[in-house]
Amino acid sequence: MTPPRDSGRGRRRGRDRQATVVPAPAGRARFTGEAPTVAVVGGGIAGIAAATLLAERGVRVTLHEREPALGGRLAGWPTELADGTTVTMSRGFHAFFRQYYNLRGLLRRVDPDLGSLTRLPDYPLRHSSGLHDSFARVPRTPPLSAMGFVALSPTFGLRDLIRMNPRAALPLLDVRVPEVYDRIDSISATDFLNRVRFPEAAHHLAFEVFSRSFFADPRELSAAELVLMFHIYFLGSSEGLLFDVPDEPFPTALWDPLHCYLEGHGVRVRTQCAVREVRPLPGNGLDITTDEGTDRHDALVLALDSGGLRRVVAASPGLGDADWRSRIARLRTAPPFLVSRLWLDRPVARDRPGFLGTSGYGPLDNVSVLNRWEGEAARWARRTRGSVLELHAYAVAPDADRTAVQQEALRQLHRVYPETRSARIIDARHEWRADCPMFPVGGYRDRPGVRSPDPAVTVAGDAVRTDLPVALMERAATSGFLAANALLGRWGVRGQTLWTVPRAGRSAVLRRLAALGAE
């Protein structure tokens with residue numbers, strides 16, 4: 001089967017004919033009459049996905065979010081600039097890849113044609129040495145994608161190719177979950193790339209940029225997570241590495257419409273309402289305690305980030321069993337990261353890309369020219385004849401001088417886009433956060449699955465094990481739907497059909513080659 005196609009702006013949901021269907025649990029269409037109550041804790045992508053599906057099936061849902069608005073790590077909030085303009089600030093740029101079948105399915109509830117997403121024409125990379133890479137001309141279908149990248153990239157010369165260890169690279173050709181974790185979760189992304197003997201330039205220009213998208217130093221990131229990423233975005237999928245972005249700030253484009261959709265399906269959305277404790281009751285049900293009081297529910301979805309999950313479980317001694325609780329207590333959070341947004345009094349050069357991945361520029365990991373695609377930023381830029389830029393710095397040392405990091409990121413921007421040196425900063429916002437999951441070497445065994453020891457409690461989020469080839473925002477959406485499916489299956493109600501990129505290597509020949517690397 002192939003997933004349905006997009007109709008908006010030429011985008012298609014399922015170009016890849018090898019995309020895999022994950023059938024929904026069977027059952028009656030929805031609840032009629034008295035339905036169970038479910039508390040969903042966490043209003044990010046995972047929690048919204050779980051709440052959406054449960055409510056569509058007639059479940060009585062209460063969605064708890066400790067922040068003032070939904071969106072989790074993609075939330076936005078208003079801020080007033082020095083010139084008096086009210087704009088939306090957020091935690092920064094996110095790429096909506098076309099492999100994100102389940103996230104895009106969630107967004108289609110309120111935007112059937114995905115008209116709120118706009119396509120960026122390229123995913124360019126730049127190294128401080130002067131090397132550049134681009135994915136605009138790289139074929140999308142493996143193995144032509146890999147061959148095209150090598151042929152077009154300036155980082156792969158003949159000598160580099162001769163030096164590579166092809167046997168060490170064979171695991172890339174047949175990635176399966178959880179087998180990939182069984183094989184290489186015990187080594188780091190850096191060690192894996194060193195085994196393959198990728199050219200040093202390619203290592204820094206392409207692979208380090210990709211691995212740092214997990215907000216982690218590649219020396220600490222599990223090689224299994226990096227290899228899974230190659231499969232999802234490059235070697236296992238024909239969707240390619242180009243992506244879409246919302247054409248307005250996240251609240252306008254995504255979360256406000258979904259908030260209305262949830263309430264239209266009877267969901268009680270409680271923002272600024274953090275859950276403090278969960279207490280399973282004798283027999284059935286759970287008491288959910290917030291600052292506003294305690295309510296009883298029949299089931300629970302914990303859709304929290306790693307830190308929030310640790311806190312709630314630690315405060316709820318009756319939840320789960322000893323092994324499950326100890327594994328959650330060992331979950332780690334990635335190092336801090338910085339998002340700096342700058343409102344400048346002049347535009348950047350016309351040929352600057354909307355998004356640029358960088359390497360070798362100190363803490364600077366990427367630059368976005370927001371007014372190239374985001375309506376709010378574009379309107380401000382037109383009115384002021386200025387521009388709106390965003391700088392990201394990932395995996396910053398916890399003890400780093402944050403002001404110094406902000407200043408150095410700005411200095412590196414001046415190297416990348418020299419015309420910004422003479423620009424006046426009308427205003428700036430600097431967001432420091434440290435709440436993304438860490439995928440350390442050997443950490444897979446500690447990550448929770450969707451199901452917990454208590455069948456009435458499920459877990460969702462981008463750190464959750466799904467046994468499917470998904471990552472980042474797509475893992476959050478997929479795990480949210482899976483958490484809802486698990487509860488609906490208990491009650492004999494039909495769940496949500498899901499899609500993923502292929503769950504194994506794309507051809508028998510490639511799979512046989514990959515098997516050689518495992519011998």
Side-chain angles (χ1 to χ4, degrees), residues 67 73-83 85-95 125-128 204 208-209 211-218 220 245 249-250 305 307 333-349 352-372 374 376-377 380-381 384 386-436 438:
E67 299 298 331
R73 294 199 294 272
L74 273 73
W77 57 92
T79 185
E80 184 174 323
L81 301 182
D83 68 357
T85 306
T86 297
V87 297
T88 306
M89 184 57 190
S90 73
R91 295 155 50 103
F93 165 88
H94 281 71
L125 308 174
R126 175 173 169 176
H127 192 269
S128 58
H204 291 296
E208 184 171 314
V209 170
S211 63
R212 287 177 68 85
S213 67
F214 286 94
F215 302 92
D217 188 310
E220 297 188 34
V245 290
F250 297 136
D305 60 40
T333 299
F337 66 93
L338 165 68
V339 174
S340 290
R341 191 170 295 183
L342 312 173
W343 288 263
L344 306 182
D345 71 343
R346 64 198 64 189
V348 298
R352 299 304 186 197
F355 175 82
L356 176 68
T358 59
S359 181
Y361 290 95
L364 185 65
D365 284 293
N366 58 61
V367 180
S368 299
V369 184
L370 289 183
N371 53 282
R372 293 289 170 80
E374 186 188 273
E376 181 183 273
W380 184 91
T384 63
S387 56
V388 185
L389 271 61
E390 188 174 276
L391 318 179
H392 286 203
Y394 302 140
V396 178
D399 60 351
D401 182 323
R402 294 189 171 185
T403 300
V405 173
Q406 293 167 192
Q407 293 172 343
E408 181 60 17
L410 179 61
R411 191 179 76 83
Q412 296 298 334
L413 169 67
H414 295 161
R415 292 180 62 198
V416 178
Y417 292 175
E419 68 273 20
T420 61
R421 290 183 182 134
S422 58
R424 180 171 65 88
I425 299 176
I426 293 175
D427 213 335
R429 296 291 184 275
H430 305 285
E431 283 294 319
W432 283 93
R433 302 292 176 124
D435 53 6
C436 295
M438 179 68 177

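Note that the structure is predicted; figures quoted are calculated from it, not measured. Because only heavy atoms are used, hydrogens play no part in the values below, and waters and symmetry mates are left out as well, while side chains stay in.
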Where the side chain of [X] meets the backbone of [Y], is there a donor-acceptor pair that is under 3.5 Å apart?
X: D345; Y: R424; value: yes
X: T358; Y: L364; value: yes
X: R91; Y: L74; value: no
X: N371; Y: V388; value: yes

- Message: Within this structure, what is the CG-OG distance for the pair D365 and S359, rounded to the nearest 0.5 Å?
- Response: 8.0 Å
- Residues in side chain to side chain contact (heavy atoms under 4.5 Å, CB included) with R346, at least two apart? S422, A423
- Message: Taking side chain to side chain contact (heavy atoms under 4.5 Å, CB included) as the definition, give me every residue that meets it alongside A397, ordered by chain and number, with sequence neighbours left out.
- Response: D399, A400
- Which residues share a side-chain hydrogen bond (donor to acceptor under 3.5 Å, both in side chains) with T420, sequence neighbours left out: none
- Task: Please list, chain by chain and in numerical order, all residues satisfying side-chain hydrogen bond (donor to acceptor under 3.5 Å, both in side chains) with D427, sequence neighbours excluded.
- Result: R429
Can you name the closest pair of heavy atoms from [X] and [Y] and give their distance?
X: G360; Y: S128; result: O-OG, 3.0 Å
X: V416; Y: R126; result: O-NH1, 3.0 Å
X: A395; Y: P335; result: CA-CB, 3.9 Å
X: F250; Y: S90; result: CE1-OG, 3.9 Å
X: R352; Y: P418; result: NH2-CD, 3.4 Å
X: T333; Y: M438; result: C-CB, 3.7 Å

Apply salt bridge (Lys or Arg N to Asp or Glu O under 4.0 Å) to [X] and list each qualifying residue two or more places apart in sequence or on a separate chain.
X: R421; value: none
X: E431; value: R433
X: R415; value: none
X: E408; value: R411

- Item | Pairs involving residues 388-397, ordered by first then second residue, that meet salt bridge (charged side-chain N to carboxylate O under 4.0 Å, His left out) (sequence neighbours left out) | R341-E390
Do [X] and [Y] touch side chain to side chain, with heavy atoms closer than 4.5 Å?
X: L410; Y: L342; result: yes
X: V339; Y: L391; result: no
X: T85; Y: T384; result: no

- Task: Please determine which of V367, V245, N366 meets the side-chain contact (heavy atoms from CB on, under 4.5 Å) test together with F355.
- Result: N366
- Could you check I426 against L344 for side chain to side chain contact (heavy atoms under 4.5 Å, CB included), going step by step and ending with a plain yes or no? CA-CA 6 Å; I426 293 175; L344 306 182; over 6 Å; no
- Item | Candidate pair R402 and L338, rule side chain to side chain contact (heavy atoms under 4.5 Å, CB included), full reasoning | CA-CA 9 Å; R402 294 189 171 185; L338 165 68; over 6 Å; no
- Query: So, T88 versus E376: side-chain donor-acceptor pair below 3.5 Å or not?
  - Reply: yes
- Task: Return yes if a side-chain donor-acceptor contact under 3.5 Å exists between D83 and W380, otherwise no.
- Result: yes
- Task: Can you sort out the partners of Y361 under ring pair (Phe, Tyr, Trp, His ring centres under 6.0 Å), two or more places apart, ordered by chain and number?
- Result: none
- Item | Derivation and outcome, side chain to side chain contact (heavy atoms under 4.5 Å, CB included), residues L370 and L389 | CA-CA 6 Å; L370 289 183; L389 271 61; over 6 Å; no
- Task: Name all pairs fulfilling the ring pair (Phe, Tyr, Trp, His ring centres under 6.0 Å) condition that reach into residues 413-434, sequence neighbours left out, sorted by first residue then second.
- Result: none
- Residue pairs, two or more places apart or on separate chains, that pass ring pair (Phe, Tyr, Trp, His ring centres under 6.0 Å) and touch residues 387-408: F215-Y394, H392-Y394
